[in-house]
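Counting convention: from 1, in listed order, for ligands and their atoms alike.
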Amino acid sequence: MSEVTRFAPSPTGWLHLGHAYAAWFARQAAGPGGRFLLRIEDLDRDRVRPEYTAAIFEDLGWLGLAWEEPVLRQSEHLPVYRAALDGLIARGLCYPCFCTRGEIKAELQRMAGAPQGPDGPIYPGTCRHLSAAERQARIAAGRPYAWRLDVARAAAEAGPLSFTDREAGTFAVEPGLYGDVLLSRKEIEAVAYHLSVVVDDARQGVTLVTRGQDLLPACHLHRLLQALLGLPEPRWHHHPLVSDASGRRLAKRDDALAIRTLREQGLDPAAVRHLAGFRQP
Ligand code: GLU
């Protein structure tokens, strides 16, 4: 079966063996006659660097991958994500959050046993309880704020949902897994990964989302956002992560296994493929 798949790296470090695996996996999953897309997820302005973006093209090309042009760079499409966010805000599914990181931390410390989500402790919901008048007063006073999803309202509107991963099976969506997540950051006209990823998978016509197993929990939230935004549900396949010799999962800081380091050491793409444990069917 042919699929439309994508590899969607964030240019916040050098690509490593795990990225090579993910890119080959996505390419292969597209099947003969399928389409393989590359998307640059460069919305995190604090961490993105142009040299990392340039290296993505260079490294993937060296690995022998070919992708469709034009490549979608998220930083060039901010109004599209903003429109999706505005739609959720207009429906009363988001609220402005004025908390600083320090305030959230202090609040969590006050609560014994704050619930944990996949990315750490869940936001305690402080600003969810503000009155409309208080929100307006704070905004009028120029207080910076971010937008959070009101998960309870969102779940009530979306109704029960599920998703199926090709490897892990079918799950009932737990809408509150991440709590009231941030959908846009303070002061920066950018939206969070969870929102931009579902918007782009839909508008690029991605039929099969492939990525590492670390992002499987994110499907609970992605499925909810897709339902709220009326977006089609893609198929999903989360693959195992590549680990290093000591069994530790690779991270961007592990420059030793960066594709460019391996290339400089004289490895060829076939050797990198072997090292990543990627097998052609
Ligand atoms: N940009 C994300 C990352 O580099 C991947 C997102 C995805 O594949 O959905 O981790």
Side-chain angles (χ1 to χ4, degrees), residues 3-30 35-49 51-57 59-60 63 65 67 71-78 81 84 118-120 163 165-168 177-178 181-183 185 190-226 229 231-243 249-254 257-259 276:
E3 301 274 9
V4 182
T5 64
R6 76 334 184 250
F7 176 55
S10 305
T12 54
W14 307 118
L15 295 190
H16 57 59
L17 266 189
H19 294 105
Y21 185 97
W24 277 318
F25 192 97
R27 177 68 201 94
Q28 182 176 292
R35 295 171 55 206
F36 170 64
L37 312 177
L38 173 62
R39 182 166 76 226
I40 306 294
E41 300 209 323
D42 56 353
L43 290 183
D44 186 349
R45 278 195 224 168
D46 297 341
R47 293 168 61 222
V48 163
R49 284 182 16 202
E51 57 270 36
Y52 292 142
T53 305
I56 289 173
F57 295 107
D59 291 348
L60 294 179
L63 289 171
L65 283 152
W67 53 88
V71 169
L72 193 154
R73 294 175 188 234
Q74 291 188 322
S75 58
E76 294 170 358
H77 300 267
L78 291 180
Y81 314 121
D119 294 340
F163 65 90
D165 178 79
R166 284 195 175 173
E167 226 165 288
L177 190 64
Y178 288 80
V181 278
L182 277 181
L183 292 186
R185 294 171 60 193
V191 300
Y193 155 73
H194 295 300
L195 185 56
S196 57
V197 75
V198 296
V199 168
D200 280 344
D201 283 338
R203 70 197 184 106
Q204 291 193 287
V206 171
T207 57
L208 173 65
V209 168
T210 70
R211 57 190 176 196
Q213 275 166 357
D214 53 334
L215 282 169
L216 181 66
C219 288
H220 290 274
L221 180 55
H222 295 179
R223 191 65 209 100
L224 175 64
L225 290 170
Q226 284 159 355
L229 295 166
L231 304 174
E233 181 190 2
R235 285 177 282 281
W236 320 86
H237 192 157
H238 291 78
H239 54 72
L241 299 172
V242 178
S243 30
R249 174 190 152 187
L250 300 184
K252 282 199 172 124
R253 56 188 176 276
D254 295 333
L257 291 173
I259 293 163

* To do: Could you list the atoms of ligand 1 found under 4.0 angstrom from a heavy atom of Arg6?
  => 7 (C), 8 (O), 9 (O)
* Measure the distances from the heavy atoms of His19 to every atom of ligand 1 and state whether one is below 4.0 angstrom. => no
* Asked: Can Gln204 and Arg6 be counted as having a side-chain donor-acceptor contact under 3.5 angstrom?
  -> no
* Please walk me through it: do His222 and Phe163 pass ring-ring contact (aromatic ring centres under 6.0 Å, His included)? -> CA-CA 10 Å; His222 295 179; Phe163 65 90; 9.5 Å; no
* Is Tyr193 in contact with ligand 1, taking contact as a heavy-atom separation below 4.0 Å? -> yes
* Asked: What distance do Leu225 atom CG and Leu195 atom CG have between them, rounded to the nearest 0.5 Å?
  -> 6.0 Å
* Between Ser10 and Glu41, does any side-chain donor sit less than 3.5 Å from a side-chain acceptor? -> no
* Asked: What atoms of ligand 1 come closer than 4.0 angstrom to any heavy atom of Val197?
  -> 9 (O)
* Look at the aromatic rings of His16 and His19 and report parallel, tilted or perpendicular, splitting at 30° and 60°. => tilted
* Considering the heavy atoms of Glu41, write down every atom of ligand 1 situated less than 4.0 Å from one of them. => 1 (N), 2 (C), 5 (C), 6 (C)
* Asked: Can you find an N or O of Ala8 that's nearer than 3.5 Å to an N or O of ligand 1?
  -> yes
